[in-house]
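The structure appears below as structure tokens.
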Amino acid sequence: MVTRADLRQLSPFEWEVPVGYRADMLVPARVYMSEEMLGAALEDRAMEQLVNTATLPGIVGHALAMPDMHMGYGFPIGGVVATALPDGVISPGGVGYDINCGVRLLRTGIEADALLPHMDRLMTALFSRVASGVGASGALRLSPGQLDAVLHEGAGWAVAQGHGLANDLEFAEDNGRLAEADGGALSPRARERGRGQLGTLGSGNHFLEIDRVVQVHDQAAAQAYGLTVGEAVVWIHCGSRGLGHQVCTDAVREMQSAVRRYGIDIPDRELVCAPYGSEEAQRYYRAMCAAANYAWANRQVITHIVRQVFEDELPAEESRRCRLDLVYDVCHNIAKVEEHDVGGRLQRLCVHRKGATRAFGPSRPELPERYGRIGQPVLIPGNMEDGSYVLAGTDLALERTFGSSCHGAGRALSRKQARREVEGGALRDHLERSSIVVRTDSLGGLAEEAPQAYKDLDLVVEVTHASGLATRVAKTTPMGVIKG
DNA sequence: ATGTCC
């Protein structure tokens, strides 16, 4: 176990486990946290998992952890690991089971107060038209050919089918599509699981919310993002559902033998990986890209349903004043091939972000023109009571964390602990008394996602902001919550 | 996260 004594403090919110801590480390491990947060991270296996990732062949810079770090499969959630191509490894555990789990934020153009009288009706309609819960299937049933188009085209498929507006794509990370996707790299089971789940929310921490912008921290950035205090916004948090889960399951199994074949020593079998250029790695990468595209199409289809619900359920006057535009769409479970400056040299890297959000600053050409002087919107969900943050990516993040930031508050209680401590029905009543309209498939699931099951988002964002990885732009709090 | 064990 890593202890406090093994850590070297670099700055108020930056800590390092030096290479000498363990003989198999190739680079130091670095975490962004306050001293208080560090305590909790040392109690479970998260820090040890981070150190384990510092042994992966080809890793460059540091094994990094964001302030929302907690235990995950192999890699900690909140972890960022970059490996040098072509010989560095790619690891499915560095992406996670929910490939391209991500967040999409829509502004509405209407004041939250104007929606208040209609919240019950809106939330009931959203709950009925966006399928949610474990194993949920949606209104679409894709033919094999349609599925291939989704896997290849991502959000663009949905837009072309009429589930969206042409400029939606401009405001999604990678325009909602990774070009290396190959539907043929998926197992038949992964493909079958994907056929009926497009346009569905899923379960766990996935949600659909109507929020109110309660605070603007950075007027210029908020203006560029089109956010104003008092306005209603919509948050969509979901991923690639059973299809992405199956891609990860298949890859973990296949790479178990790859690790042996390529003679890779890993300290934890959950860190299975393969050299990026190998057949196994390339098959996983193309399948992962396809699953990422599925997730983007999923969020795009849900976006369209939300727009339809606002149009159908609001009175004509309010409906006319609404315009649900995409602020941005980020993924926080993915491995990307990106170019970064490593020690003064531009290098092609495989950047694993697992529970970490890309946070590119103004210098990167990937940003939409509208945000070019501000930085990429970094969307950080918190909890169903206290709300969420919009931050802006920075050039400092490019120097420090391969352009990455935290992705949420991070869990403070395990799901089991949360169920023990919280009764779902009482939580729902508490939220409704606070004028938060709640719709859920599972009161047990609601309890697992209770506010007290998460770290304090304000603290996580404070560390992120003070470290310069992403800067505060606006905060929103929930008016209506759908939990799968 | 997940047809929460093919």
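Throughout, a chain's letter reflects where its sequence line sits, starting with A, and its residues are numbered from 1.
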In whole Å, what is the span from the CG atom of A/D441 to the P atom of B/dT4?
15 Å
When you measure from every atom of DNA chain B, which of residues 129-139 of chain A have a heavy atom less than 4.0 Å away?
A/V134, A/G135
Touch class at under 4.0 angstrom, heavy-atom based, for A/E448 against every strand present:
nothing
Ignoring backbone atoms, test whether A/S203 places a side-chain nitrogen or oxygen under 4.0 Å from the OP1 or OP2 oxygen of B/dT4.
no
What is the separation between atom CD on A/Q246 and atom P on B/dT2, rounded to the nearest whole Å?
13 Å
Can you tell me the distance, in whole Å, between the CG atom of A/D98 and the C1' atom of B/dT4?
14 Å
Charged N to carboxylate O under 4.0 angstrom, A/D329 versus A/R104?
yes
Is a side-chain donor-acceptor pair under 3.5 Å present for A/D68 with A/H407?
yes
Between A/Q197 and A/Y294, is any side-chain donor less than 3.5 angstrom from a side-chain acceptor?
no
Given atom CD of A/Q197 and atom P of B/dT2, what is their separation to the nearest angstrom?
8 Å
So, taking the atom named NE2 in A/H340 and the one named CZ in A/R364, what distance separates them when rounded to the nearest 0.5 Å?
5.0 Å
Write down the distance between CD (A/E192) and C1' (B/dC6), rounded to a whole number of angstrom.
15 Å
Whole angstroms only, please: what is the NZ-P distance between A/K416 and B/dT4?
17 Å
Considering residues at least two apart in sequence or located in another chain, which fulfil the ring-ring contact (aromatic ring centres under 6.0 Å, His included) criterion with A/H152?
none
Ring pair (Phe, Tyr, Trp, His ring centres under 6.0 Å) assessment of A/Y328 paired with A/Y225
CA-CA 8 Å; A/Y328 208 60; A/Y225 296 170; 8.1 Å; no
Selection: residues 233-242 of chain A, any non-hydrogen atom under 4.0 Å of DNA chain B
A/R241, A/G242
If you measure only the distance, is there a donor-acceptor pair under 3.5 Å linking the side chains of A/T440 and A/R428?
no
In whole Å, I'd like the distance from the CD atom of A/E449 to the C1' atom of B/dT2.
14 Å
Mutual orientation of the aromatic rings belonging to A/H163 and A/H304 [parallel < 30°, tilted 30-60°, perpendicular > 60°]:
perpendicular
Will you find, in the side chains of A/D24 and A/T55, an N or O donor that is under 3.5 Å from an N or O acceptor?
no
Whole-Å distance, A/R253 CZ to B/dT2 P, equals 18 Å
